[in-house]
Every structure is written in C-alpha cells, then in structure tokens.
Amino acid sequence: MEAAMGLMRRIHPKQSETALSALLSLLPHHSSDLLSQVDQPLQVLCDLESGKEYILCEYNRDADSYRSPWSNKYYPPLEDALYPSSELRKLEVEANEVFSIYRDQYYEGGISSVYMWEDDNEGFVACFLIKKDGSKTGQGRRGHLQEGAWDAIHVIEVGAEEESIAHYCLTSTIMLSLTTNDESSGTFSLSGSIRRQMNMDLSVADGHLCNMGRMIEEMEGKLRNSLDQVYFGKTKEMVCTLRPPSEVVLRLPTADMP
Amino acid sequence: MAEEECELNEKQKREIAKWFLLNSPAGEIQYIAKDLRSVLNDEKVYNEAASEAFPLYNKSHLIFLELPNRSGDVLVTSYNELEENEFLDPRTALVVTVDHVKQVCTDVRPAADEELSSPYIEEFRCALDAEMLKYVAEAYPKGICSVYCVDGKDVEGPGSNFELVVVISAAKNSPQNFCNGSWRSVWNIEFKEDVQMLEVRGKLQVGAHYYEEGNVQLDAKHECKDATIFQAPDDCAISIANIIRHHEAEYLESLEASYSNLPDTTFKDLRRKLPVTRTQFPWHNTLQFSLTRDIQKELGIDK
C-alpha cells in the first residue's frame, strides 16, 4: 500500500485517474484504502428538478446514487437511502446558499456543493466542494488559460459542543492544473495537488457555518499561496538551475575546455 | 486459480507495469520501478515490462550514461542507436553497449568505419560539435550534448543534402529535496546544398517535479524554426550555435514570464486572491444572506 501511494506521488497529476484505476485493478483488496487516500478530480451531475449541477463524492453517495444538495433527492432514485436529519438539513441548505456566494466571489463561476451528516460522536461532518473550469472555453474570465481546473475538497469534522466551544478539524485537498499556449512560448503546463489539515477550537457564538467558512477561506488562501510561491516556485527554481538566465551566466567564469 | 472478474491476466499486468515505467517523471524511473515491483508482486511480469519500457524511456528522456573508463558521458537517443543496446558516440568514435534496465554502460568498443560519417560530413559534424560544446559549457551548469548525422552520413562531397541533429540534455536530480527536473533540446538541421540554405528546427522540452508533501509538475514544450545560409563547416557551426543560443535564451525568458504572470494573471482565472471587494468574505452576515439574495449585487459583480 505504501508502494502504491509512492507511485501516486510521482505519476503526473494529470494521469492520476489512469494510475488509480490501474492500481485498483492490481490491488483489489486495497480498494477502499486507495479510494479514500488518493485524490481524484471531482465529477458532476445535473439535478434535473432545479436545473443546477452538483458535485459527486463519497459523502453524498449511497450505493450508486448521489444526493443533490438542492433537492435533497438521490439520482438515480433510491429507496431507503441515507439522509441528514431535518435540523442538519437546514444547516446544509444554508451552507449551500452561502457557500455559493463565497464561491462566486472568489471563483467568478464554478460549481459548489456542501454535504453534511451526523457522525457517531454527537457531532457532525461537513464536506464543502468546489469545481472550477478556468479555461477560456470554460469560465476563465480573462481567457489566459487553454486549460485550467481547480478542484477543492474540504472535510470538516465538528465535535460536540462543550461549554459553547466546539472543535473543528479541517482536511483540505486542492487539485489544480493550468495550461497556457501561444506561438512565442509554446505550451506551459503546471499541475499538482496538495492536502493540509487545520484544527481549531472556536466559540459557537457566531454559529458553525461562520466558523467553518472562515477556516475554509483561510485554508484556501494559504494553499493558493503555497501552490503559487512554494510549489510552482520550486519548479521555476529547478528550470533556472538547469539553464540559468543569461544575466547570471555572464557573471560566471567561463570554463576552459580541455 | 479463482477467476474473479477483477483478476488480471499476465498481459494486462505487463501493460500496466509498462505504463507506470514509461510515465515516470525524469530521473525517477528507478524509484517508480521499486514501488511497482512491490505492488505487482510478480518478478516475471515486471522483468518483461521493464525490458520493453526502459529502452523507450531512456531514449525519449535523452539520458546520459558515464563511459566505463569515466572519460565522459554518452547520450542514449534514437538518433545514435546502432543495434538495440548499442549507441554511438561520434566525438570519441566509440560504441557503447548499454543495459537499459540498470541504466549503465556495460561495454565499449571503437566504432567501425562504416558506423561513422564520411570525412566530408564529419567536417561539418565536428565543427558543430565543437561549437555546441562551448555553448553548452557556458549555458548549462551540467549539460551533455552531441551532434549526430541522421541523414546522408556517407555523402562523399558537395552535391547532396544531408541532415545533422544536435541533442542537448540536462538533468538535475535532488531526491533529498524532493525535486527533479530535466531540459531536453533537439535541433534538426537540414543542410540543403541545392538551395544553399540550412533549415533549423528546434524542439525544446522542460520538466520539473516537486513532491514534498504534495505533487506538482511542470511540463513545458516549444517548437521553433530558423534558417541560415550554407557556408564552410566552421562558419556553419558558428551560425547554428548562434541560432540555438538565441532561441534557447528567448525560450527561457518566456518561461520566466509565464511564471511571473502566474500569481496575478493566470492563476486568477482559477481563483482570485481576494474578492472584488478586496476584503474577506463576510461570513458573520450569513443571516442576511439566507434572507435576501440581493446581497450578491451588493458585493459587486464584474470588474
């Protein structure tokens, strides 16, 4: 299993779907571990009743059906399926609405979904998902990207309230890829995925949604910066190490060839 | 053996193994091989896949191997492949035998006359090789290059067209820093005697992989063309080297520009740093949101 995860870390992020299905066929006994630990781009279905799209994940799935956060119904229809309690569903509805606005503010498009369910410890778990196609044929506002995708999965475990304080454990995964293409510079493509965790104890005075929202916003900002400065930055550093820019080269002493 | 629906046959396993090996990032095939063997748990299938995948990987990644006598490096490419596992190094007029899976040179012998270019062609090849060595030494901290004749190597004198190819390969592997990268340039030069012109076509490919608590990869590719007049071997060599130097430097600049555009321009099409309001999202006003969706207009729309 460790070897399988090692392979996933090295294979190109764009090929992770192929790699995962290859590993699933080689290691059928580890399928549940693989599916839960390997990040995959998000899939989407359309809720015909509301005309809105929603994101698919393990947390809104029951058998082969997926529950829409808009209509609270499963597609394809399913009998005796799992639903959140009516109280939790109210929070879920509000979360979807608010998160939708948050999404629009930062992503200027895209699709979002929030799913909640009770857990065994008198708390609950919430999953906030965002999928954005930033390519110029998709929703890339400025037309820079020939191809661009951002998939975010935020899972928050909320502990039971104790003296008006609740414990929040957020695990966030971002998968992104972007490609620019033009005559003078050819194809430039960056892709990657990172996953981080954040734990906080917060007063419930402002409500769970506010606390979760703030954590997610902070986390997304940190991850965006990290990806841009650290991760992409390292690849840039590598390119400049392979072939330093000419200003640098001129300062180096010329080697004498034997 | 129980025939479950998900049980794979040997051929399927071998194809999967090959896929993983062929798709290894630059400099990481041995690590992938190690993990793959563990997952596959079938030495026979692994060995078959490796014997097919490694040669293809090595040639497409333009790997370079140290000569047995440690006197330099030899490139492994499809341009200098003689027999399977035999590669020519025209600069030293040696032929090396290579173990693709272990990625080492196992033997070396002098090249036979018929394996080398004719003296006429060799003049051009050698002059270009010397200029390329100078260029690569000054532009790349650790770059390996070579010049091969891919068409017309037996041309005896003026009157025929021929083609040379310049291969430059640079790699930096820092697994301890979780970072690896490679630069590959292939420049095809058609010497067109009939029109007294040289047509130059370049293919540049850069890759980098950073994987400390994450997995991010860069793939960049670029193709370019240029031309110059047909001259004496030394003059041709200098012109070609200048063309290559110019285009490669320009390409590096455009890569840097792509990177500097990232934070504020390109990335913005995916996710902004902040909303248009330039403040963080007002989560504490959620009650208002659920009551009125006109908040969307209030928070500002396009631009």
Side-chain angles (χ1 to χ4, degrees), chain A residues 3-4 6-7 9-13 15 22 25-28 94 97-98 101-102 105-107 132 134 140-142 144-145 148 150 176 178 180 184-194 206 209-210 213-214 217 224 228 231-232 234-236 238-239 241-243 245-246 249 254-255 257, chain B residues 6 8 13 16 19-20 23-25 28 31-32 35-36 38-40 133-134 137-140 170 172 179 181 183 206 208 210-211 214-223 249 252 254-256 258-259 262-263 265-272 275 280-281 283-284 286 289-290 295-296 299:
Chain A
L7 286 174
R9 263 178 45 185
R10 293 181 186 275
I11 286 291
H12 198 285
Q15 296 170 311
S25 58
L26 285 174
L27 304 169
E94 201 187 339
E97 272 181 28
V98 176
I101 303 174
Y102 165 85
Q105 287 288 293
Y106 275 100
Y107 295 84
K132 164 87 189 271
R141 283 290 172 90
R142 295 151 198 91
H144 291 295
L145 300 174
W150 171 291
L176 74 73
L178 56 88
T180 59
S184 59
S185 50
T187 312
F188 177 85
S189 184
L190 281 167
S191 40
S193 72
I194 50 175
D206 285 332
L209 189 50
C210 194
R214 285 202 189 118
E217 185 174 22
R224 186 203 192 270
D228 177 31
Y231 285 80
F232 292 160
K234 289 269 179 190
T235 60
K236 175 183 177 188
M238 172 57 78
V239 175
T241 307
L242 289 168
R243 192 190 187 291
S246 21
V249 169
T254 40
M257 288 307 299
Chain B
C6 47
L8 293 172
K13 283 196 208 170
I16 291 180
W19 183 87
F20 273 107
N23 285 290
S24 309
E28 297 182 32
Y31 296 94
I32 294 248
D35 284 335
L36 180 63
S38 187
V39 166
L40 208 50
L133 275 171
K134 271 197 240 165
E138 113 205 346
Y140 296 82
K172 174 111 176 108
C179 199
W183 175 298
V206 187
Y210 178 57
Y211 50 103
N215 177 7
V216 167
Q217 303 207 18
L218 161 76
D219 280 290
K221 285 197 224 277
H222 181 52
E223 286 185 24
L252 184 68
S254 83
L255 281 175
E256 288 185 296
S258 293
Y259 272 109
L262 268 183
T265 314
T266 341
F267 221 130
K268 239 182 176 174
D269 269 355
L270 286 178
R271 184 188 191 275
R272 303 177 60 102
Q280 294 199 303
F281 192 74
W283 296 96
H284 54 276
T286 53
F289 294 151
S290 53
I295 290 293
Q296 243 177 311
L299 286 171

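Because only heavy atoms are used, hydrogens play no part in the values below, and waters and symmetry mates are left out as well, while side chains stay in.
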Please classify the contact of [X] with chain A as side chain, backbone, both or neither, using a heavy-atom distance under 4.5 Å.
{"X": "B:Ile32", "result": "both"}
{"X": "B:Val206", "result": "side chain"}
{"X": "B:Leu252", "result": "side chain"}

Measuring from B:Glu256:CD to A:Ser185:OG, what's the distance to the nearest 0.5 Å?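 It is 12.5 Å, given to the nearest 0.5 Å.
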State, to 0.1 Å, how close [X] and [Y] come at their nearest heavy-atom pair, and which atoms those are.
{"X": "A:Gly186", "Y": "B:His222", "result": "N-ND1, 3.3 Å"}
{"X": "A:Phe188", "Y": "B:Leu218", "result": "CE1-CD1, 3.6 Å"}
{"X": "A:Ala22", "Y": "B:Ile16", "result": "CB-CG2, 3.7 Å"}
{"X": "A:Ser184", "Y": "B:Ser254", "result": "O-OG, 4.5 Å"}
{"X": "B:Asn215", "Y": "A:Arg10", "result": "ND2-N, 4.3 Å"}
{"X": "A:Arg142", "Y": "B:Asp269", "result": "N-OD1, 2.9 Å"}

So which residue, A:Leu27, A:Leu176, A:Thr235, ends up with the most heavy-atom pairs under 4.5 Å with chain B?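 Top count of heavy-atom pairs under 4.5 Å with chain B: A:Thr235.
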Only pairs of heavy atoms separated by less than 4.5 Å count here; which of A:Asp228, A:Val239, A:Ile194 has the most with chain B?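 Between A:Asp228, A:Val239, A:Ile194, the count favours A:Asp228.
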Counting only non-hydrogen atoms closer than 4.5 Å, does [X] touch chain B with its backbone (N, CA, C, O), its side chain (CB onward), both, or neither?
{"X": "A:Thr180", "answer": "side chain"}
{"X": "A:Leu242", "answer": "both"}
{"X": "A:Leu178", "answer": "side chain"}

In the structure I gave you, are the side-chain heavy atoms of B:Lys13 and A:Leu26 within less than 4.5 Å of one another anywhere?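 When only atoms from C-beta onward are counted, A:Leu26 and B:Lys13 do touch, with a gap below 4.5 Å.
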Think [X] forms a cation-pi with [Y], using NZ or CZ under 6.0 Å from the six-ring centre and within 45 degrees of its axis?
{"X": "A:Arg243", "Y": "B:Tyr140", "result": "yes"}
{"X": "A:Arg9", "Y": "B:Tyr211", "result": "no"}
{"X": "A:Arg224", "Y": "B:Phe267", "result": "yes"}

Suppose we call two aromatic rings close when their centres sit under 6.0 Å apart. Are A:Tyr106 and B:Phe281 close by that rule?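 Not under 6.0 Å, so no.
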Above 12 or not: heavy atoms from other molecules or residues under 6.0 Å from NZ of B:Lys172?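 No, the 6.0 Å shell around NZ holds no more than 12 heavy atoms from other groups.
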In terms of the angle between their ring planes, are A:Tyr102 and B:Trp283 parallel, tilted or perpendicular, with boundaries placed at 30° and 60°?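 Tilted: the ring planes of A:Tyr102 and B:Trp283 meet at 30° to 60°.
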